[in-house]
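First listed ligand is number 1; within each ligand, the first listed atom is number 1.
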Amino acid sequence: MHRLLEAPMVPAHPTDASGATLAVVGAGYVGLVTGACLAKLGHRVACHDADPKRLTPIQEGRAPFHEAGLDEVIRAAVATDRLRPASTLKDALTAAGFCFIAVGTPSGPDGSADLSAIWTVVQALRDAPRGMVVVLRSTVPPGTGDEAARRLAAMGRGDLAVVNAPEFLAEGTAVRDFLAPDRLVFGGPRAQAQAVADLFAAVRPEAPRVLTTRPSAELAKYAANAFLAARVSLVNEIANVAQVTGGDVRDVGRIVGLDSRIGAKFLRPGIGYGGSCFPKDVQALAALGARLGLELPVVQAVERTNAAQADRCVATLVRAVQGAPIGQVAIWGIAFKPGTDDARMAPSTRIALDLRKQGIRVTMHDPMAKLATAAVTGGVQQADDPLQCAQGADALLVATEWPDYIALEPAPVAASMRGRYVLDGRNCLDHAAWRKAGLHIQGIGIPEATP
Ligand code: UGA
């Protein structure tokens with residue numbers, strides 16, 4: 001039976017649940033942000049990761065990766081003994097009332113989510129404290145929480161309830177997203193789902209708390225990312241139409257976004273989405289459909305359009321460098337979006353490797369991110385600064401809208417480059433100024449003559 005219950009908007013006893021003892025397994029983006037922020041709310045959190053290298057920095061009051069504002073939260077939580085790294089799972093579970101599982105669920109060979117890390121943790125909960133609540137925080141396909149509950153019961157640990165509490169944190173704003181969410185979702189047996197919701201009592205009281213079933217909570221996470229990724233793919237298709245019909249996708253996006261049913265966010269066209277979430281989750285949803293014998297043509301098209309957007313970009317750049325003795329392309333931006341050092345599934349890397357396959361020299365720059373291993377082995381070079389990156393290039397692609405690039409004067413860039421072609425893959429530069437510097441700049445879905 002379908003059940004969707006909204007808990008009271010303002011918790012009756014916001015402070016009752018503070019001071020709970022929690023274990024968090026997985027010190028990646030999701031786990032560490034969750035653990036550190038729950039510690040900030042007043043809980044005692046032990047964070048464990050199978051990779052000890054992720055734990056050492058925590059003790060020193062910082063994250064093992066870049067995330068805005070996270071180091072401060074970790075530092076304060078460690079200093080007040082509310083957050084501690086635990087080198088073993090057994091240690092993390094000591095007296096824990098709740099265990100958050102936030103391990104990776106990467107794409108398997110067929111695109112489906114690889115749940116092996118989840119099952120390893122579930123298996124290891126054999127000796128967990130009695131009555132502890134297991135909170136699935138990782139993004140997992142519908143049915144995973146039920147399967148976890150079955151496995152626990154089969155191990156004789158039916159006393160451990162399973163609640164699915166998906167995260168909706170975006171990289172770069174994860175701490176803010178945690179503390180000021182649009183909504184919080186808790187799927188599972190009512191009493192335990194409410195107990196997990198209570199841990200978040202101090203979080204933005206006006207944010208709706210949705211208590212639901214495990215499969216609904218699990219699917220909601222995939223649905224949210226699929227909706228957002230679909231918007232990006234759709235706006236990219238509209239941009240491509242604008243490009244050849246003389247329209248300006250910025251105006252079109254604004255007009256469309258003014259419809260309150262649609263809304264203004266996530267309508268920025270570009271070279272495609274990347275990161276550790278959209279590509280993986282859209283693929284996993286498509287794979288889930290295939291496994292269930294359900295056709296999901298819209299979901300499949302979201303991914304196809306995304307790949308095609310990067311391919312279009314490659315074709316445009318190849319055209320631009322044709323005729324040069326050895327074509328050379330500079331790419332500004334390795335990270336999949338600004339504000340992060342994360343280069344996972346970044347369209348810039350895909351574009352760089354495709355250009356390399358065509359014998360074109362590629363140099364990339366990023367203020368924070370390092371080249372992905374595939375780019376290094378593919379012969380892509382990394383420059384220390386954007387001007388050095390542009391040196392001698394026949395064409396320049398702006399792949400990530402870092403403020404550093406937006407602030408650059410175009411004249412020195414023009415002087416460094418051999419060619420004149422600039423593809424503003426994020427529509428972030430001042431095209432009139434760049435044109436004035438003698439460069440031929442093109443955006444995505446923007447008429448070429450428009451400032
Ligand atoms: C995304 C979701 O936004 C989060 O809500 C979710 O919790 C997270 O995935 C996750 O599943 O953990 P994130 O991957 O950090 O967060 O990044 P976004 O800011 O959503 O951007 C994703 C990609 O879409 C980026 O490559 C970005 O450049 C692209 N994008 C976004 C566009 O091309 N156009 C837009 O208008 C918006």
For residues His431 and Asp424, is any side-chain donor paired with an opposing acceptor at under 3.5 Å?
->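 A pair is found: one side chain offers a donor N or O, the other an acceptor, under 3.5 Å apart.
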Will you find, in the side chains of Gln194 and Asp198, an N or O donor that is under 3.5 Å from an N or O acceptor?
->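 Indeed, the side chains of Gln194 and Asp198 share at least one donor-acceptor pair under 3.5 Å.
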So does Glu295 have more than 12 non-hydrogen atoms from other groups sitting under 6.0 Å from CD?
->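 Open: at most 12 neighbouring heavy atoms sit under 6.0 Å from CD of Glu295.
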Near [X], which atoms of ligand 1 are under 4.0 Å from a heavy atom of that residue?
X      : value
Glu171 : 15 (O)
Lys221 : 6 (C), 7 (O), 10 (C), 11 (O), 12 (O)
Asn225 : 2 (C), 6 (C), 9 (O), 10 (C), 11 (O)
Leu267 : 36 (O)

Check contact between [X] and ligand 1, using heavy atoms of the residue and a distance below 4.0 angstrom.
X      : answer
Cys277 : yes
Glu401 : no
Gly274 : yes

[atom]: which protein heavy atom is closest, and how many Å away?
atom                    : result
atom 34 (N) of ligand 1 : Arg268 O, 2.8 Å
atom 4 (C) of ligand 1  : Leu169 O, 3.6 Å
atom 28 (O) of ligand 1 : Arg426 NH1, 3.4 Å
atom 31 (C) of ligand 1 : Phe266 CE2, 3.5 Å
atom 1 (C) of ligand 1  : Phe278 CE1, 3.5 Å
atom 29 (C) of ligand 1 : Tyr273 CB, 3.9 Å
atom 18 (P) of ligand 1 : Lys337 NZ, 3.6 Å

Proximity of Lys265 to ligand 1 by residue part, where a heavy atom lies under 4.0 Å = neither
Taking the inter-plane angle between the rings of Phe278 and Tyr273 on a 0 to 90° scale, is it parallel (under 30°), tilted (30 to 60°) or perpendicular (over 60°)?
->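 Phe278 vs Tyr273 ring planes: perpendicular.
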Which of parallel (below 30°), tilted (30 to 60°) and perpendicular (above 60°) describes Trp332 and Trp434?
-> perpendicular
Is there a side-chain hydrogen bond (donor to acceptor under 3.5 Å, both in side chains) between Gln382 and Asp366 once you walk through the steps?
-> CA-CA 8 Å; Gln382 180 161 6; Asp366 195 280; over 6 Å; no
Please determine if Val232 has a nitrogen or oxygen closer than 3.5 Å to a nitrogen or oxygen of ligand 1.
->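 N/O-N/O distance under 3.5 Å: no.
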Decide whether an N or O pair under 3.5 Å exists between Thr139 and ligand 1.
->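 Looking only at distances, the answer is no, because the N/O contact criterion of under 3.5 Å is not met.
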